[in-house]
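Input: a single structure, listed below in structure tokens.
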Amino acid sequence: MTPAIEVTNLAYSYHDGTEALRGVSFKIQNDECVGLIGPNGAGKSTLLLHLNGLLPEKRGNHSAVAIFGESISTENVNEIHREVAVLFQNPDDQLFCPTVYDDVAFGPRQWGMSEEEIKFKVGKILAQVGIPHFENRSPHHLSGGEKQRVCLAGLLICDPKILVLDEPTRDLDPRGRRELLQILKNIPTTKIIASHDLELIVNLCARTIVLDHGKIVADGDTLDLLSNEKMMLEHGLEKPHSLQHLHPHK
Ligand code: ADP
């Protein structure tokens, strides 16, 4: 089956010469939910930005990233933006309209969806992300957690095939975190989630990729990898509390 995401030997250096990714390869099948973990500076955010062409890496005429078998190129990048939705760390970077309604409607308006359909969908999606009837609120007067849900609603309304999340629980209180976890569990699309919140990864992702110094150092079953104390410590991570009783398969 064609993978949802196929990354082949992806390398990327920033303008100042920092080598952020040094030959990363993996495949993610449709409907998988995959955790991406690693210490600060490992290259997680840089990798996520490549998944919808925000940081294009070119090898000849082909990109190292293919979405459902299509290499990302300047010709198809708009279509890719619709298929691959990225929830960034800071919601303030993504909210710029006077009302929640306009922010959530922004994407579908760009794609030419009718206002009637948009109205119906905005109501439905706001309920799905746990902020029903927020249409007329100002995004700038919401809590961090509520802003993040508005951003998520703005992505989900476009029916993305792949959802990419960068540190989604970073600014959430315990209740907000629990609620987000439940919302994400109920979204059936392919997901890739970068996080330091390892309990979130244990709860949501059957598979995890460990990145360090721009390279994949482990890729496999989440419980196996995260219960491997030696491997976790070697890469600046800690075995999560909930897995203290587990020992990795030899
Ligand atoms: P992570 O998300 O795992 O913390 P990043 O992808 O943010 O890692 O960073 C990977 C490496 O690239 C780090 O060494 C970081 O300092 C560097 N880096 C990230 N963004 C930039 C940038 N805009 N310019 C130069 N170097 C950067």
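We count ligands from 1, going down the list as the structure has it; atoms in each ligand are counted the same way.
In this model, no donor atom of one side chain and acceptor atom of the other lie less than 3.5 Å apart for Thr99 and Asn136. Side-chain polar atoms of Ser25 and Asn9 form no donor-acceptor pair below 3.5 angstrom. Defined by atom type and a distance below 3.5 Å, a donor-acceptor pair is present between the side-chain atoms of His196 and Asn40. Defined by atom type and a distance below 3.5 Å, a donor-acceptor pair is present between the side-chain atoms of Glu199 and Ser242. Checking Ser195 against Asp197 by side-chain atom types alone, no donor-acceptor pair falls below 3.5 Å.
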Give every pair formed by an N or O atom of ligand 1 and a protein N or O atom closer than 3.5 Å, one pair per line with both atom names and the distance to 0.1 Å, or write none.
| unit_1 | atom_1 | unit_2 | atom_2 | d |
| --- | --- | --- | --- | --- |
| ligand 1 | 2 (O) | Ser45 | N | 2.9 |
| ligand 1 | 2 (O) | Ser45 | OG | 2.9 |
| ligand 1 | 3 (O) | Ala42 | N | 3.1 |
| ligand 1 | 3 (O) | Gly43 | N | 3.0 |
| ligand 1 | 3 (O) | Lys44 | N | 2.9 |
| ligand 1 | 3 (O) | Lys44 | NZ | 2.8 |
| ligand 1 | 4 (O) | Gly41 | N | 2.7 |
| ligand 1 | 6 (O) | Thr46 | N | 3.0 |
| ligand 1 | 6 (O) | Thr46 | OG1 | 2.5 |
| ligand 1 | 8 (O) | Gly43 | N | 3.1 |

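Dense packing is recorded around CD of Glu234, with more than 12 heavy atoms of other residues, nucleotides or ligands lying under 6.0 Å away.
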